[in-house]
There are 2 protein chains.
Amino acid sequence: MGDREEQRRLIVAGASAYVVAEGLTKLSLRPLAARLGTSDRMLLYYFDSKDELVAEVLQALSADLRAVLAASIPARRVPVRTLVEAADALLARPEMRSSAALCLELLGLAARGADPYATAARSLLADWIDWAETRLSGPPRGRRARAVGAVACIEGILVLRAVGLGERLRGALGGLLR
Amino acid sequence: MGDREEQRRLIVAGASAYVVAEGLTKLSLRPLAARLGTSDRMLLYYFDSKDELVAEVLQALSADLRAVLAASIPARRVPVRTLVEAADALLARPEMRSSAALCLELLGLAARGADPYATAARSLLADWIDWAETRLSGPPRGRRARAVGAVACIEGILVLRAVGLGERLRGALGGLLR
DNA sequence: CTGCGGCTGTAGCAATCGCTACGTCCGGCC
DNA sequence: GGCCGGACGTAGCGATTGCTACAGCCGCAG
């Protein structure tokens, strides 16, 4: 046992759950290590730096989120309005609250261009745009632009829900899109 | 000179500029005080805590931003699409970059409900919704809902621009809204 | 048995954080 | 002159940060 790669995977998995629950902004190695039953010393033994660990955690969480997205949104191609409404319904689920909060934390940390956050945020959103493109109906011409717009709307929903203005959203965007 | 309220105003003004330039997430009293030509000791003499200072700074910046918004967006009532496009054009201006980044930082810090950030973020967005409502044309019936949707779109634009995906936005949202 | 190299616990580093105790200076009041 | 209270500088507290130096443990090769 004790393959190094396996240890790294275990740490990333545990750290991901911890980050979703406790937040990214104030993440620090010692409390994280305590929750994982180890020490900061060991985290930095398996990862060269906190940033490297964070980068891997964010990559794992991005994959997780993408899987949730794929599993919760109808597989057929739909118009922009339907896609946005489906994402809205997904974000309204209580168990998605902390993931949504984490997304916002990531965007906030990335806002000044600081890595590893900026890289992770950019690839997360680019992923979403790619994914939206595969789910949109209508003419292929301009589909990418519509995907970008859809993701923008979804991000807006994320923001409003996160600050507690979610109830005002009820159908507001659906009626606006065509 | 020396009126206490006047000193507080001076500090808030200086701190606001500093926060816009340097960011909110890693704001700390000592470097801020150094920039203002004073000491952390004095900041905490005029404000009971860092949180109180931050709350006042965010309030001031919210007012500033609202003034910029009022000055840069056509005063007449317009449809949602036009309003969103105008906000997009405003956010595209280089001198708005750090303000936009600051908004995202604020949202990220507010995401877990921690004050003073959460309160400031909520009131900022509520302000924007109110403002959008005064600028929207069309039937008063449902105008508020359209204002919420418009703000959601604008927040989405903010997010995409902040992570460097702004160029993909070119007209993507305008074509989507009716 | 000896030695060696990977794993890990202990302890500590220097830096930074918000905040505070303490002393001092200084202008106005009696 | 004596005094008092607001303004301010100096210095430091206790906690926390990411990271590291050091030593011991343990299994395996010689």
Is there any protein nitrogen or oxygen under 3.5 Å from a nitrogen or oxygen in nucleotides 11-14 of chain D, and what are the pairs?
| residue | atom | partner | partner atom | Å |
| --- | --- | --- | --- | --- |
| D:dG12 | O6 | B:R30 | NH1 | 3.3 |

Check: Is any NZ, NE, NH1 or NH2 atom of the basic residue among B:E5 and B:R9 found under 4.0 Å from an Asp or Glu carboxylate oxygen of the other?
Finding: no
Checklist line | Pairing of A:R144 and A:D130 as salt bridge, 4.0 angstrom limit | finding: yes
Checklist line | Nucleotide nearest A:L44 when distance is taken to its side chain, options D:dT10, C:dC19, D:dT20 | finding: D:dT20
Notebook entry, point to check: Checking all strands, does B:S49 fall into the base, sugar-phosphate, or nothing category for heavy-atom contacts under 4.0 angstrom?
Noted result: sugar-phosphate
Check: Rounded to the Å, how far apart are B:R4 CZ and D:dC8 P?
Finding: 10 Å
Next item on the list: Kindly say if A:S28 contacts the phosphate of D:dT16, meaning a side-chain N or O under 4.0 Å from OP1 or OP2.
Entry: no
Margin query: It should be established whether B:Y45 places a side-chain nitrogen or oxygen under 4.0 Å from OP1 or OP2 of nucleotide D:dC8.
Written below: no
Item checked: Cation-pi check, B:R4 onto B:Y45 ring (under 6.0 Å, within 45° of axis) -> yes
Check: Ignoring hydrogens and geometry, is there a side-chain-to-backbone donor-acceptor pair from A:S16 to A:V12 under 3.5 Å?
Finding: yes
Check: Once you round it to whole Å, what is the distance between C1' of D:dC8 and CG of B:L36?
Finding: 16 Å
Note to self: I'd like to know if the side chain of A:T82 reaches the main chain of A:V78, judged simply by a donor and an acceptor atom lying under 3.5 Å from each other, with no hydrogens or angles considered.
What the structure shows: no
Margin query: Using whole Å, what does the distance between atom C1' of nucleotide D:dT17 and atom CG of A:L43 come to?
Written below: 14 Å
Margin query: Whole angstroms only, please: what is the CZ-P distance between A:R8 and C:dC7?
Written below: 13 Å
Notebook entry, point to check: So does B:R35 pair up with B:E22, basic N to acidic O under 4.0 Å?
Noted result: yes
Check: For the side chain of B:M42, counting heavy atoms from C-beta on, which of D:dG18, D:dG9, C:dC19 is nearest?
Finding: D:dG9
Item checked: Spacing between A:K26 atom NZ and D:dT17 atom P, to the nearest angstrom -> 10 Å
Item checked: Rounded distance in Å - CG (B:D48) to P (C:dC19) -> 10 Å
Next item on the list: Give one of base, sugar-phosphate or nothing for A:L29, where a contact means two heavy atoms less than 4.0 Å apart.
Entry: sugar-phosphate
Notebook entry, point to check: What does A:L27 touch in the nucleic acid at a heavy-atom separation under 4.0 angstrom: a base, only the sugar-phosphate, or nothing?
Noted result: sugar-phosphate
Checklist line | Carboxylate-amine/guanidinium contact A:R8 A:E52, below 4.0 Å | finding: yes
Margin query: It should be established whether B:Y46 places a side-chain nitrogen or oxygen under 4.0 Å from OP1 or OP2 of nucleotide D:dC8.
Written below: yes
Check: Atom NZ of A:K50 to atom P of D:dT20: distance rounded to whole Å?
Finding: 15 Å
